[in-house]
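Here the structure comes first, spelled out in structure tokens, and everything after it is commentary.
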Amino acid sequence: MNTITGFANFIKTYRHDGCISPKEMKSFVRIYLKNYLINQIKDMVIQDFTLEMMFNTIIHNDKLLAIHLNINTFKSWVRKNIHKDELKAQSWNKSNI
């Protein structure tokens with residue numbers, strides 16, 4: 001199971017020197033979303049959170065991530081990685097078993 005809690009710990013784990021270019025930072029943000037927040041985001045999608053609500057929840061809980069993640073990047077990432085209809089169907093099937 002993942003033991004990293006927070007974007008700051010994620011960066012420290014993979015970049016001890018702390019030197020990250022802006023281009024690398026975008027990759028770090030995407031990887032962090034994919035590996036550490038995807039289940040939380042999927043759960044919020046199933047609960048019908050709006051993209052803005054999801055974004056605000058995530059950045060409220062992680063101040064360093066808030067500095068490096070903007071709403072447009074987040075929206076784009078969600079559209080590419082989360083398929084709302086599939087999630088809704090899966091949750092509906094699980095609840096009816």
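Computation of the quantities below employed the complete heavy-atom set of this structure, encompassing side-chain atoms and omitting hydrogens, waters and symmetry-equivalent molecules.
Under the salt bridge (charged side-chain N to carboxylate O under 4.0 Å, His left out) criterion, the residue pairs touching residues 22-40 are R15-E24, with sequence neighbours excluded. Every pair passing ring-ring contact (aromatic ring centres under 6.0 Å, His included) that includes a residue from residues 37-72 is listed here, sequence neighbours excluded: F55-F74. Applying the salt bridge (charged side-chain N to carboxylate O under 4.0 Å, His left out) test to pairs two or more places apart or on separate chains, those with a residue in residues 48-61 are D48-K84, D48-K88, E52-K75.
Contact between I59 and A66 at its shortest, heavy atoms only, is CB-CB, 3.5 Å.
Atom CD of Q40 sits about 7.5 Å away from atom OG1 of T57, to the nearest 0.5 Å. Of the inter-residue distances, the one linking L69 atom CG with M25 atom CE reads 11.5 Å to the nearest 0.5 angstrom. Interatomic distance, CG of L37 versus CZ of F7, reported as 10.0 Å (0.5 Å rounding). Considering CG of N81 and CD1 of I41, their distance stands at 8.5 Å, rounded to 0.5 Å. Summarising the geometry, atom NE2 belonging to H83 is positioned 8.5 Å from atom NZ belonging to K42; distances are rounded to the nearest 0.5 Å. Note that CG of N56 is 11.0 Å distant from CG of L51, once rounded to the nearest 0.5 Å.
No donor-acceptor pair closer than 3.5 Å links the side chain of S76 to the backbone N or O of N72.
Residues D62 and Y32 are in side-chain contact: their nearest non-hydrogen atoms beyond the backbone lie under 4.5 Å apart. The shortest distance between side-chain heavy atoms of I82 and I38 falls below 4.5 Å.
Every side-chain contact (heavy atoms from CB on, under 4.5 Å) that D43 has, sequence neighbours left out, goes to Q47. In terms of the salt bridge (Lys or Arg N to Asp or Glu O under 4.0 Å) criterion, K63 has no residue partners (sequence neighbours excluded). Take I31 and apply the side-chain contact (heavy atoms from CB on, under 4.5 Å) test, not counting sequence neighbours, and it matches F10, N35.
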